[in-house]
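One structure below.
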2 protein chains.
Amino acid sequence: MVTKKSYHHGDLRRELIKTALQIISEDGLEKVSMRGLGQRVGVSRTAPYRHFSDKNDLLCAIAEEGFKNLANKISNSNKQQDLSPLEKLKNIGISYIEFAIANPVHYRLMFGNEILKNNKTPELVKLAEESFNGTLFAINVCQEEKIIRPLNPYIIANALWSMTHGISTLLNDGQIQAANAFKGLPALTQAVADSGKADINKIFTYVTDILMNGFIEKS
Amino acid sequence: MVTKKSYHHGDLRRELIKTALQIISEDGLEKVSMRGLGQRVGVSRTAPYRHFSDKNDLLCAIAEEGFKNLANKISNSNKQQDLSPLEKLKNIGISYIEFAIANPVHYRLMFGNEILKNNKTPELVKLAEESFNGTLFAINVCQEEKIIRPLNPYIIANALWSMTHGISTLLNDGQIQAANAFKGLPALTQAVADSGKADINKIFTYVTDILMNGFIEKS
DNA sequence: ATCTTAAAATTGACACTGTCAACATTAAGT
DNA sequence: ACTTAATGTTGACAGTGTCAATTTTAAGAT
């Protein structure tokens with residue numbers, strides 16, 4: 001711990017990000033302000049501008065952090081030997097969803113529209129591309145080994161991303177309604193409310209089944 | 001046309017929504033302000049508050065409008081006789097995507113996080129639920145006729161929504177990168193840039209194939 | 001050990017924003 | 001013709017992003 005009262009903070013940049021994350025997850029993204037951030041950290045209102053050119057720049061930094069952490073998580077999950085290409089692809093998918101649930105703020109900034117498309121940091125764009133390319137590559141390997149149908153891998157990747165992204169979003173903010181329509185069916189939301197890792201795995205298994213085998217009945 | 005200069009506007013509420021839509025699609029959502037809206041319409045800065053309790057209320061009104069229009073579109077697409085349950089379900093999916101592309105602003109407010117979850121108008125919540133229930137019902141009919149596997153229809157609905165939502169999002173704001181990784185493959189984005197309705201159908205066919213039959217190679 | 005320089009932090013200012021309260025105008029119903 | 005409720009207006013307050021000019025201080029060169 002550095003004695004607090006030095007004119008120079010030491011690692012203000014880091015603390016700003018940390019505090020922003022805190023505020024966002026406690027009170028929501030719209031409560032974050034550059035000025036308020038400064039004050040809360042015990043520094044003047046424009047001090048944050050020495051570390052981030054913009055509010056947007058701050059948010060980009062958080063998103064970048066997210067992509068790096070996600071990449072690490074994926075790479076860890078695929079570290080062990082003798083994983084089949086398909087298992088590796090599945091690990092990517094489940095890593096996405098687990099990451100989204102464990103880090104909702106990061107996730108939202110990574111894939112939501114709070115950061116305007118045209119305002120993304122070059123670094124952020126790069127990281128997002130790399131992330132996507134990883135999935136694309138894993139799909140391609142599966143195709144080479146005839147595990148996945150020879151469809152346009154680009155579209156498969158988008159379909160896969162759509163699925164994991166959609167499920168993540170739905171899980172994260174319980175946008176899931178209509179449990180009344182079919183009583184007795186377990187809602188995805190509940191599985192998360194109970195917050196067992198097992199439940200997420202269950203959901204993922206279910207969704208993976210649909211994605212791999214389709215939902216059509218083979219007569 | 002009403003002569004402009006009466007103290008009472010006549011249909012300010014309607015014009016505010018119209019103008020907001022315009023501003024959002026021209027300059028982006030973050031450029032919409034209650035004050036600016038009033039001024040642009042030629043009325044005082046707080047006049048909008050006589051028609052919307054909140055900025056949030058305004059955005060909800062737009063989202064509500066969106067859900068109504070989408071419901072109409074779906075119901076039209078399924079008006080003709082002798083559509084199989086599966087065709088009806090497909091029509092729902094393609095309606096979603098077409099709607100998203102034709103009305104990106106509405107769509108974003110309907111399904112994005114600009115309107116905070118807990119701030120949604122009761123009316124808006126109701127419309128969103130009805131929309132989801134429609135899909136759920138269509139799936140259930142398919143299951144009763146053994147067209148769709150007897151999986152939890154709730155999860156199927158979420159999977160289907162995820163897919164259409166993801167594709168819509170990707171199409172809408174070209175978040176699609178990495179065309180370089182696999183050169184020569186057509187990017188989803190381009191299909192939209194060329195803005196042919198046929199292309200969207202093509203993409204939809206592709207994605208539908210994956211969703212119905214899965215992406216696994218049947219050896 | 002001192003001097004210089006660039007980084008880090010500060011205060012002041014401007015033009016916005018959402019929203020409330022108090023007031024003015026007017027259309028509609030008695 | 002009068003009352004009332006709906007609609008629109010102005011003034012005010014607290015908050016925001018961000019720039020410019022200024023101070024403080026740490027770090028590297030002498």
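Nothing here was measured: the structure is a model prediction, and the numbers come from that model. Below, chains carry the letters A, B, ... as their sequence lines are ordered, and counting in each starts from 1. Hydrogens, waters and symmetry mates play no part in the numbers below; they use all other heavy atoms, side chains included.
Candidate nucleotides C:dT10, D:dT9, D:dG17 were compared by shortest atom distance to the side chain of A:K55, and D:dG17 ranks first. Of the candidate nucleotides C:dG18, C:dA13, D:dG11, C:dG18 has the atom nearest to the side chain of B:R35. If you check C:dT10, D:dG17, D:dT9 against the side chain of B:A47, the one that comes closest is D:dT9. When distances are taken from the side chain of B:S33 to each of C:dT17, C:dT19, C:dA9, the shortest belongs to C:dT17.
Where B:R45 and B:R50 meet DNA chain C, the nucleotide closest to each residue was compared, and B:R45 sits on the side nearer the 5' end.
For the pair A:L37 CG and D:dG17 C1', the interatomic distance rounds to 13 Å; values are reported in whole Å. Distance B:K31 NZ to C:dG18 P: 13 Å, rounded to the nearest Å. For A:Y49 and D:dA20, the OH to P distance is 13 Å, given to the nearest whole Å. The CZ atom of A:R40 sits 13 Å away from the P atom of D:dT16 (whole-angstrom rounding). What separates CE of A:M34 from C1' of C:dA9 is a distance of 14 Å, to the nearest Å. One atom, CG of A:L58, and another, P of D:dG17, lie 10 Å apart when rounded to the nearest Å. Across the protein-nucleic acid pair, B:E30 atom CD and C:dG18 atom P stand 12 Å apart, rounded to whole Å. In this structure, B:D11 places its CG atom 15 Å from C1' of D:dG8, rounding to the nearest Å.
Here B:E30 does not pair with A:K55 in a salt bridge; the nearest charged N to carboxylate O distance is not below 4.0 Å.
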Self-check item: Derivation and outcome, side-chain hydrogen bond (donor to acceptor under 3.5 Å, both in side chains), residues A:K79 and A:N76
Solution: CA-CA 5 Å; A:K79 218 160 215 164; A:N76 280 337; 3.3 Å; yes

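A:S44 comes within 4.0 angstrom of a nucleotide base, judged by non-hydrogen atoms across all strands.
Checking the phosphate oxygens (OP1, OP2) of D:dT9, no side-chain nitrogen or oxygen of B:T46 falls inside 4.0 Å. A sub-4.0 Å separation between OP1 or OP2 of C:dA7 and a side-chain N or O of A:H51 is absent.
Of the inter-residue distances, the one linking A:T135 atom OG1 with A:I156 atom CD1 reads 12.0 Å to the nearest 0.5 angstrom.
The one candidate from B:L16, B:I17, B:L124 that meets the side chain to side chain contact (heavy atoms under 4.5 Å, CB included) condition with B:I62 is B:I17.
Using bins of under 30°, 30° to 60° and over 60° for the plane-to-plane angle, the ring pair A:F132/A:Y154 lands in the perpendicular bin.
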